[in-house]
Amino acid sequence: MWQTVPAGASGQERKVGFTVPQDQLGYIQVRSTAFTMPVAKTQSSVEDAAHVSARAARRWALGHPWIFRSDVTVRPGRPAGAVVVVDHRGKSIGTALWSPASEIALRMVDAKPLDDLDQSWWRTRIRVAANRRASLDKLTNAYRVVHGEADACPSLVCDRYDRWLVVQLLSAGLEAFRARIVDALMDALAPNGILARNDVPVRKKEGLGANVELLTGDVPREVEVNEHGVRYLAAPWTGQKTGAFLDQRENRVMIGERARGRALDCFSYHGSFALHLGRRADSVVAVDVSADAVHRAKQNAARNDLTNLSFIEADAFDYLRDVERSRERFDTIVVDPPAFAKTRASVPAALRGYKDINLRALRVLAPGGLLFTASCSFHVGRAEFFEMLRSAAADSGRRVALRAMTGQPSDHPEVMTIPETGYLKGALLEALD
Ligand code: SAH
């Protein structure tokens with residue numbers, strides 16, 4: 001189980017966890033309970049402990065930190081914060097963040113029964129996470145510093161944008177430690193400011209409000225990201241997620257290095273893939289349905305002195321159909337759509353959407369052309385994603401080779417024992433004829 005390790009002992013924990021894809025978690029219906037801001041208690045006692053079922057204890061023993069409400073046999077009689085957790089035999093199994101209103105009632109944070117998660121506990125935990133990313137500093141100034149369960153900090157997300165941090169506190173148990181988390185982040189990274197992008201629906205399931213709040217210092221509206229030499233503006237206050245899609249960084253570099261000829265970036269948002277493609281391809285067309293996204297993508301192209309990019313505000317499905325009709329072909333294509341499956345129930349429809357867009361892309365791929373395609377839907381598993389691609393390849397009438405399978409970058413680790421950790425899947429395909 002997770003142990004507290006000394007500061008600087010990067011990568012030595014026995015167990016790491018993941019970042020909750022906020023809009024993709026398989027939450028079950030949550031009782032709506034009024035919630036007032038809790039204060040972290042400094043002493044846990046046996047009476048305050050949460051008692052959990054054998055099933056819950058086994059789940060934790062197998063590496064999953066969540067304990068659902070239905071597995072809590074005796075609920076702690078106290079507000080959100082940290083609690084000691086005991087199993088059905090009365091034996092301690094560690095310490096958890098306690099969220100009274102949530103369906104995920106307990107999130108295990110340590111295998112030891114701790115009286116409190118004090119300042120030094122948080123400083124150590126966050127320092128370890130930050131140290132694990134230290135080697136990224138020479139490649140980029142924007143990356144995920146804390147990836148929730150992956151960094152043994154369940155429900156905490158922290159992204160770095162140059163000298164500023166953007167956090168998301170996604171559970172009531174975690175909120176109780178807000179001040180200590182801010183202190184720990186200041187201690188580990190000394191940022192100029194920390195912004196909370198807590199404007200996410202998942203907080204409602206915890207009985208928490210949704211807002212955007214400056215926690216300390218100041219944070220600009222726009223921050224220039226330098227990603228392997230490609231520069232673009234992130235918008236911490238208003239952009240998607242915490243301001244940019246940092247989780248595609250390694251995939252952007254991968255396809256950027258292989259790009260050639262005429263390139264196409266579908267669902268381009270601020271043009272991040274297009275900018276990488278533009279460094280090697282002769283020309284790049286970036287397509288997004290949002291006028292605002294297209295506007296920003298244009299600004300980003302200018303920022304990189306790239307003159308071989310053009311931008312189209314359009315529905316990518318329609319655009320690809322028109323391209324197919326016109327017999328235009330592309331040598332390098334990226335398809336990085338938003339999550340089509342927000343819930344398990346929407347998976348069949350989502351798979352039809354994924355197949356449709358990939359089929360259209362394969363049809364307009366020049367012989368020898370490359371397609372990088374991705375899905376960030378948590379509910380669409382790897383196997384379903386690849387089955388969908390197989391089916392699209394079959395329908396395309398092309399001979400399509402699978403050149404690489406990709407997942408999340410090193411700063412967004414996917415943990416083997418926590419299936420929910422894997423949300424981003426990618427494939428590099430080549431049209432052989
Ligand atoms: N590739 C981007 C992230 C894409 S996010 C990056 O690496 O940063 C998904 C984008 O798809 C959003 O910008 C959204 O505006 C756009 N989008 C959603 N539906 C679309 C559609 N039908 N056609 C084109 N763009 C769409």
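Quick caveat: nothing in here was measured; it's all calculated off a predicted structure. Both counts, for ligands and for their atoms, begin at 1 and track the order of listing.
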- prompt: Going through the checks in order, is the side-chain hydrogen bond (donor to acceptor under 3.5 Å, both in side chains) test met by Thr95 and Asp110?
  reply: CA-CA 5 Å; Thr95 307; Asp110 207 296; 5.7 Å; no
Pairs touching residues 266-286 that satisfy side chain to side chain donor-acceptor pair (under 3.5 Å), sequence neighbours left out: Glu227-His276
Mind listing the side-chain donor-acceptor pairs of residues 188-195 below 3.5 Å, one per line with the distance, residues two or more places apart or on another chain?
none

Side chain to side chain contact (heavy atoms under 4.5 Å, CB included) partners of Leu432, counting only residues at least two apart: Arg399, Ala401, Arg403, Glu430
More than 12 heavy atoms of other groups within 6.0 Å of Arg231 CZ: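 Yes, CZ of Arg231 has more than 12 neighbouring heavy atoms, counting only those of other groups under 6.0 Å.
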query: Does Phe330 have Arg262 sitting over its ring (NZ/CZ under 6.0 Å from centre, angle to axis within 45°)?
result: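 Ring-cation test returns yes.
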- request: Non-hydrogen atoms closer than 4.0 Å to ligand 1: which protein residues do they belong to? List them by chain and number, please.
  value: Gln240, Phe245, Arg252, Phe267, Ser268, Tyr269, Ser272, Phe273, Asp288, Val289, Ser290, Ala314, Asp315, Ala316, Asp336, Pro338
